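One structure is given below, encoded as structure tokens.
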Amino acid sequence: MNIIEKLVSGYTSVDVTPQNFIDHLTPGTPRFAMNLIPVLLAVVFGLLVYIYPIILNETEHEGPYLLWMHTFYCAADFMGIWVFLDAWLKYDHFYIFGLLSLGETIWVLMEIYSLKRAMAYEKDINWKPGTPTKVMLRDIIF
């Protein structure tokens, strides 16, 4: 068995449902801590995706991502707010869905901050001096 097969061999081969999260991430269930570790790692690594650009923007006045990537991340995380909020409402306010919805909200705010700072520091790199804000926004969104 090669390394990729080993990595995915323990993963379920059927569709994952919100109920699977509830079954495995309810405190007190067998292997609760082991099941929570991948979720926490995903959250930590996801958070680093936002902390790193903010640090670079503030110290170097240049970020690692193109402006369109900021808008993509913002849109994806904004969608995540609603996905987790919907699951939280439909599944008896299960804590993990509420926390993930809150986390996505924080990530969207961090992304908006990153986008704002990138526009402030990198506008001369991306546009000629005197380019109207409306044109800059159009270029970022489209």
Side-chain angles (χ1 to χ4, degrees), residues 3-142:
I3 191 160
I4 294 177
E5 288 173 338
K6 285 181 185 178
L7 287 172
V8 299
S9 65
Y11 191 74
T12 181
S13 61
V14 297
D15 290 338
V16 177
T17 66
Q19 190 60 47
N20 295 121
F21 285 88
I22 294 167
D23 293 344
H24 297 285
L25 294 171
T26 298
T29 58
R31 299 177 43 97
F32 168 72
M34 291 300 292
N35 294 331
L36 190 60
I37 288 172
V39 174
L40 294 176
L41 286 174
V43 169
V44 167
F45 288 130
L47 191 58
L48 290 175
V49 167
Y50 294 103
I51 291 174
Y52 179 65
I54 288 173
I55 290 170
L56 283 179
N57 270 325
E58 295 304 322
T59 59
E60 311 268 331
H61 297 290
E62 191 171 331
Y65 304 131
L66 300 170
L67 292 174
W68 69 265
M69 289 179 70
H70 285 295
T71 59
F72 174 80
Y73 286 146
C74 191
D77 291 335
F78 194 76
M79 181 189 69
I81 293 170
W82 303 116
V83 168
F84 290 123
L85 187 59
D86 182 57
W88 182 74
L89 292 170
K90 286 181 179 173
Y91 291 90
D92 298 323
H93 302 130
F94 186 62
Y95 79 99
I96 200 82
F97 299 137
L99 289 174
L100 290 173
S101 181
L102 176 64
E104 291 278 8
T105 302
I106 292 167
W107 287 0
V108 165
L109 294 174
M110 290 175 75
E111 193 57 61
I112 290 169
Y113 178 82
S114 294
L115 187 57
K116 181 180 182 293
R117 299 308 278 177
M119 286 199 55
Y121 293 136
E122 299 173 22
K123 68 179 179 185
D124 293 335
I125 296 171
N126 294 306
W127 296 281
K128 294 178 184 173
T131 302
T133 303
K134 196 178 214 179
V135 172
M136 287 190 247
L137 287 174
R138 184 201 64 216
D139 290 349
I140 291 168
I141 295 169
F142 302 108

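Since this is a predicted model, take the numbers as computed values, not measurements.
Applying the salt bridge (Lys or Arg N to Asp or Glu O under 4.0 Å) rule to Asp23 yields no partners; only residues at least two apart in sequence or on another chain are considered. With sequence neighbours left out, the ring-ring contact (aromatic ring centres under 6.0 Å, His included) criterion links Phe21 to no other residue. Residues passing the side chain to side chain donor-acceptor pair (under 3.5 Å) test with Glu60, sequence neighbours excluded: none. A search for ring-ring contact (aromatic ring centres under 6.0 Å, His included) contacts involving Tyr91 returns nothing, not counting sequence neighbours. Partners of Lys116 according to the side chain to side chain donor-acceptor pair (under 3.5 Å) rule, which considers only residues two or more places apart in sequence or in another chain, do not exist here. Qualifying side chain to side chain contact (heavy atoms under 4.5 Å, CB included) partners for Thr59, counting only residues two or more places apart in sequence or in other chains: Ile55. Residues that satisfy the side chain to side chain donor-acceptor pair (under 3.5 Å) test with Thr17, not counting sequence neighbours, are Asn20. With sequence neighbours excluded, the residues forming a side chain to side chain contact (heavy atoms under 4.5 Å, CB included) with Thr131 are Trp127, Lys128, Val135, Met136, listed by chain and number. Judged as a side chain to side chain contact (heavy atoms under 4.5 Å, CB included), and not counting sequence neighbours, the contacts of Glu58 are Ile54, Tyr113, Arg117, Tyr121.
Here salt bridge (charged side-chain N to carboxylate O under 4.0 Å, His left out) pairs that include residues 85-98, with residues two or more places apart or in two chains, are Asp86-Lys90. Applying the salt bridge (charged side-chain N to carboxylate O under 4.0 Å, His left out) test to every pair with at least one member in residues 36-55, sequence neighbours left out, gives no pairs at all.
Scanning both residues, Trp88 and Gly98, for their nearest heavy atoms gives CD1-N, 3.3 Å. Looking at every heavy atom in both residues, Leu85 comes nearest to Ser101 through CB-OG, 3.7 Å.
Thr29 places no side-chain N or O within 3.5 Å of a backbone atom of Leu25 that could act as its donor or acceptor partner.
Taking 4.5 Å as the limit, every side-chain heavy atom of Tyr73 sits out of range of all side-chain heavy atoms of Trp107. Using a 4.5 Å heavy-atom threshold, the side chains of Ile51 and Met110 count as touching.
The distance from atom CD1 of Ile96 to atom CZ of Phe84, rounded to the nearest 0.5 Å, is 8.5 Å.
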Kindly list each side-chain donor-acceptor pair under 3.5 angstrom involving residues 30-50, sequence neighbours excluded, with atom names and distances?
unit_1: Asn35; atom_1: ND2; unit_2: His24; atom_2: O; d: 3.1
unit_1: Asn35; atom_1: ND2; unit_2: Arg31; atom_2: O; d: 3.1
unit_1: Tyr50; atom_1: OH; unit_2: Asp77; atom_2: OD2; d: 2.0

With side-chain contact (heavy atoms from CB on, under 4.5 Å) as the criterion, how do Phe97 and Val83 come out once you've worked through the C-alpha distance, each side chain's angles and the decisive distance to 0.1 Å?
CA-CA 9 Å; Phe97 299 137; Val83 168; over 6 Å; no
* Check against side-chain contact (heavy atoms from CB on, under 4.5 Å), Cys74 and Leu115 -> CA-CA 9 Å; Cys74 191; Leu115 187 57; 6.0 Å; no
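Within a 6.0 Å radius of OH in Tyr95, other residues, nucleotides and ligands contribute more than 12 heavy atoms.
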